[in-house]
A.B. asks: 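I have a structure I would like to understand better, so I am pasting it below and will then ask my questions one at a time.
Computed from a prediction, not measured in an experiment: that's the story for all the values here. Heavy atoms only: backbone and side chains are in, while hydrogens, waters and symmetry mates are out. One-based numbering, in listed order, for ligands and for the atoms of each.
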Amino acid sequence: MSGSSEDGSAPEPYDATPYLPSRGGLPAHQRAAADCQGCPLHRDATRTVFGRGGSDARLMLVGEQPGDQEDREGVPFVGPAGRLLSRALREAGIDEDGLYVTNAVKHFKFTRDETRKRRIHKTPSLRETVACRPWLMAELRLVSPELVVVLGATAGRALLGPSFRVGADRGVPRPLPGAEDGPRVLATVHPSAVLRARDRDAAYAGLVADLRTAAEAL
Ligand code: URA
């Protein structure tokens, strides 16, 4: 996919495929992803944030994109949403050390609040999500988990298609479309949505319940 250019310059690429290595495991992919320019998000982000965990993980979690702290540290889910996720995983009886954790989009997208000098999260577009999908598909192939938990709408759209809606599709393991022997996929809310929810306790309880279903499905 390419972006249009009004000034006649070369169109913007929207596809990570040319940056993927032709072989190698997770470490080779992580090294290659560091140089990805498959969409314009690489320009403002500090670094590519690749997944963490081993290729033997039976359960993979997919979030949206790195946040401010993840962009600084280069590791997914180390900020406030990550801390909430860790607590929910513990409550659901899931050992975080055995997981593979990644994001649908590997660069932080944000706007700047110039008065307060903060970087404010901006939801990645479907086009950016699709551009980054080759990295996610490579992680899926290399880890080959039994179950994938998608956290929120962006991750759900990346794996289950653009019509995915968290409210309608959460909590039930289903086959990954287009992958006959592939993993099952279970959708739940994004931990950041729990942090923003008006009834935070209810939203958190829902997340833990879905993670328990995931643990039972393994
Ligand atoms: N939100 C995400 O979706 N991923 C992260 O890594 C951090 C926050």
Side-chain angles (χ1 to χ4, degrees), residues 16 26 29-30 33-34 36 39 41-42 44-54 57 59-90 92 94 96-111 113 118-133 135-140 143 145 147-160 162 164-167 169-170 185-197 200 203-204 206-208 210-211 214:
L26 288 170
H29 281 70
Q30 180 159 14
C36 186
C39 83
L41 295 186
H42 74 90
D44 294 332
T46 310
R47 55 176 57 83
T48 307
V49 180
F50 203 69
R52 65 172 150 99
L59 179 59
M60 182 186 279
L61 303 190
V62 183
E64 182 194 77
Q65 64 164 0
D68 180 80
Q69 202 167 326
E70 288 80 12
D71 172 77
R72 294 173 201 278
E73 295 186 28
V75 183
F77 283 108
V78 290
R83 286 193 287 280
L84 183 131
L85 179 62
S86 294
R87 184 155 66 87
L89 286 166
R90 266 197 309 280
I94 296 173
E96 206 171 338
D97 290 342
L99 301 180
Y100 188 84
V101 181
T102 192
N103 284 302
V105 172
K106 308 285 194 263
H107 282 115
F108 179 36
K109 181 175 181 179
F110 59 92
T111 51
D113 171 352
R118 280 194 317 146
R119 301 190 300 173
I120 304 181
H121 163 277
K122 209 169 166 209
T123 303
S125 67
L126 184 60
R127 193 181 193 197
E128 289 149 354
T129 307
V130 171
C132 208
R133 197 167 178 270
W135 291 117
L136 181 59
M137 297 318 283
E139 289 172 298
L140 268 178
V143 177
L147 185 72
V148 180
V149 172
V150 292
L151 302 163
T154 299
R157 286 185 197 128
L159 286 183
L160 298 168
F164 169 84
R165 297 281 174 275
V166 182
D169 297 324
R170 70 183 288 182
V185 182
L186 181 143
T188 188
V189 288
H190 192 283
S192 298
V194 175
L195 290 171
R196 287 193 308 266
R200 216 198 254 202
Y204 178 75
L207 172 62
V208 172
D210 289 341
L211 292 174

A.B. asks: Please output the residues near ligand 1 using a strict heavy-atom distance under 4.0 Å, listed in chain and residue-number order.
C.D. replies: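 The 4.0 Å shell around ligand 1 contains Gly63, Glu64, Gln65, Pro66, Gly67, Glu70, Pro76, Phe77, Asn103, His190.
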A.B. asks: Taking the side chain as everything from C-beta on, heavy atoms only, tell me whether Leu147 gets closer than 4.5 Å to Met60.
C.D. replies: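 Leu147 vs Met60: side chains apart.
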A.B. asks: Looking at side-chain heavy atoms only, is the closest gap between Asp44 and Lys109 below 4.5 Å?
C.D. replies: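 Side-chain contact under 4.5 Å: no.
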A.B. asks: Measuring from atom CD of Glu139 to atom CZ of Arg133, what distance do you get when rounded to the nearest 0.5 angstrom?
C.D. replies: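 Atom-to-atom, Glu139:CD and Arg133:CZ are 12.5 Å apart.
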A.B. asks: Within 45 degrees of the ring normal and closer than 6.0 Å to the centroid, is that where the cationic atom of Arg157 sits relative to Phe164?
C.D. replies: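 The answer is no; the distance or angle limit is not met.
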A.B. asks: Among residues at least two apart in sequence or on other chains, which ones pass salt bridge (Lys or Arg N to Asp or Glu O under 4.0 Å) with Asp169?
C.D. replies: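 Checked Asp169 against salt bridge (Lys or Arg N to Asp or Glu O under 4.0 Å); zero matches.
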A.B. asks: Within 45 degrees of the axis of the six-membered ring of Phe77 and under 6.0 Å from its centre: does Arg52 put its NZ or CZ there?
C.D. replies: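 No; the conditions do not both hold, so Arg52 does not lie above the ring face of Phe77.
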